[in-house]
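Below, chain A is the first sequence line, B the second, and so on; all start at residue 1.
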Protein chains: 2
Amino acid sequence: MPKLGMEPIRRAALVKATIDEIGAAGNLDVTVSSIAKRAGMSSALAHHYFGGKDQIFLAAMRHTLSVYGAEVRAALMTATGHRARLEAIIGASFASSNFQPDVIATWLNFYVLAQTSTDAHHLLVVYQRRLRSNLMYDLQPLIGQRAEGAAARIAGLIDGLYLRQGLARDVADQSDATAQVLALLDAELQGRAQ
Amino acid sequence: MPKLGMEPIRRAALVKATIDEIGAAGNLDVTVSSIAKRAGMSSALAHHYFGGKDQIFLAAMRHTLSVYGAEVRAALMTATGHRARLEAIIGASFASSNFQPDVIATWLNFYVLAQTSTDAHHLLVVYQRRLRSNLMYDLQPLIGQRAEGAAARIAGLIDGLYLRQGLARDVADQSDATAQVLALLDAELQGRAQ
DNA sequence: TTCTTTATTGACTCGTCAATCAATAAAAAG
DNA sequence: CTTTTTATTGATTGACGAGTCAATAAAGAA
């Protein structure tokens with residue numbers, strides 16, 4: 001029963017299924033068949049819409065990044081003042097939608113994928129630049145030329161705590177991760193790191 | 001020409017070849033054949049000595065961790081005073097032997113492996129505990145109960161910067177990574193993060 | 001010298017998986 | 001009503017790779 005306009009629906013379903021499947025498997029060794037099955041279609045259809053496995057992964061990566069971007073944007077919308085905006089960025093990075101085990105596993109695997117795929121690499125670079133730029137925008141007015149180093153440390157700590165969370169087996173608290181980065185932010189704003 | 005006592009030699013060669021091969025491939029999709037070939041033997045022999053692919057990976061992981069551990073121990077040996085010891089730990093974490101692209105790729109892939117392999121997971125937990133414990137040992141006398149949070153942040157930043165380095169294509173400076181963590185250390189010791 | 005142990009490999013099995021393709025079906029266009 | 005376009009899949013192909021095994025060879029032991 002070929003209803004027209006299936007393409008976007010199928011694509012979205014495949015992207016979601018990819019993330020779920022990576023989360024369930026814990027690595028990128030997920031087959032097109034298993035993804036397609038989870039999305040309720042045949043593997044042939046997945047190939048039909050995406051062309052190949054790599055492109056399915058890339059689409060999932062873009063989706064994850066765009067969800068994160070939206071989260072940050074929404075958080076920034078409600079924040080006023082540089083300090084509040086910085087806290088919003090940090091909070092969004094550890095928001096529950098990015099902090100699900102599935103999503104973390106997906107991120108982690110993207111880092112691996114980025115080592116071989118130019119496209120994946122580029123997407124991660126974009127993410128890093130955006131995070132850095134967001135931080136700089138509000139750090140610079142507060143601490144001037146010290147913003148550069150502070151942004152590098154805050155961004156690094158976010159990534160590091162995210163990585164640790166990916167390793168943790170239990171569904172640990174994102175509140176703790178957030179608190180750690182906020183503590184660092186405090187230190188940076190008080191100017192004790194140069 | 002079966003000279004006796006080949007086992008340790010072959011095992012060591014396979015471990016080294018595994019790290020090289022992962023570094024060259026950029027992911028864990030390296031075949032036993034390619035590893036064995038790089039190590040100058042048949043894949044059958046690799047299976048003979050290790051039993052299976054997983055165990056080859058685990059051995060490579062143990063080796064990487066033990067090299068890192070030795071590096072830290074050596075650095076601590078020559079350092080006197082809590083502050084110097086902390087700097088030694090940080091320096092060792094970014095020492096050139098761990099900061100080679102091959103080794104970084106291997107670490108990254110171990111994080112992925114740890115999501116499915118209990119053994120791999122355990123090894124990484126041991127690493128994290130050791131790092132944390134090393135940091136705490138010297139932080140506690142300096143800043144007392146604030147040591148806990150400080151150790152989490154420093155360890156997190158080390159991991160995060162390591163991750164970023166794994167993503168960077170160019171052979172960037174470990175001096176910068178070290179400097180960032182040292183700046184954080186400064187801030188923590190001055191007590192501006194609580 | 002004969003037997004056992006260690007070293008070593010080529011050839012093979014078995015499974016898996018990405019990608020293709022021909023075939024089916026239903027909507028829409030003409 | 002015919003043709004084209006979109007949707008969909010089962011079956012198949014072709015490649016690759018982990019693990020096994022029998023066979024070969026050289027030491028050392030008896």
Taking [atom1] from [X] and [atom2] from [N], how many angstroms apart are they, rounded to a whole number?
X     : N      : atom1 : atom2 : value
A:L45 : C:dA18 : CG    : P     : 16 Å
A:E7  : D:dT5  : CD    : C1'   : 13 Å
A:F50 : C:dA19 : CZ    : C1'   : 16 Å
B:Q55 : D:dG19 : CD    : P     : 9 Å
A:L14 : D:dA7  : CG    : P     : 13 Å
B:H48 : C:dT6  : NE2   : P     : 9 Å
A:I9  : D:dT8  : CD1   : C1'   : 14 Å
A:D29 : C:dC17 : CG    : P     : 9 Å

Sugar-phosphate only, base, or nothing, as touched by A:T31 at under 4.0 Å among non-hydrogen atoms: sugar-phosphate
Is A:G52 touching bases, backbone alone, or none of the nucleic acid, heavy atoms closer than 4.0 Å? sugar-phosphate
For the side chain of [X], starting at C-beta, report the closest nucleotide among [options].
X     : options                : value
B:A44 : C:dT20, D:dG19, D:dC21 : D:dC21
B:M41 : D:dA18, C:dT9, D:dG10  : C:dT9
A:H47 : D:dA18, C:dT20, C:dA7  : C:dT20
B:L4  : C:dT6, C:dT20, C:dT9   : C:dT6
B:K53 : D:dG10, D:dG19, C:dT9  : D:dG19

Want to settle it: does B:G5 or B:S43 sit nearer the 5' end of DNA chain C, counting the closest nucleotide to each? B:G5
Between A:E188 and the options A:R146, A:R83, A:R153, the salt bridge (Lys or Arg N to Asp or Glu O under 4.0 Å) test singles out A:R153
Would you check if A:M6 and A:Y49 make a side-chain contact, meaning some heavy-atom pair closer than 4.5 Å? yes
Looking at B:A114 and A:L167, what are the two nearest heavy atoms and their distance? CB-CD1, 3.5 Å
Report yes if the distance between the aromatic ring centroids of A:Y127 and A:W107 is under 6.0 Å, otherwise no. yes
So that I know where these two stand, are B:F99 and B:Y162 an aromatic pair - ring centroids less than 6.0 Å apart? yes
Under 4.0 Å between a side-chain N/O of B:R10 and OP1 or OP2 of C:dT8, yes or no? yes
Ignoring backbone atoms, establish whether B:Y49 has a side-chain N or O less than 4.0 Å from OP1 or OP2 of C:dA7. yes
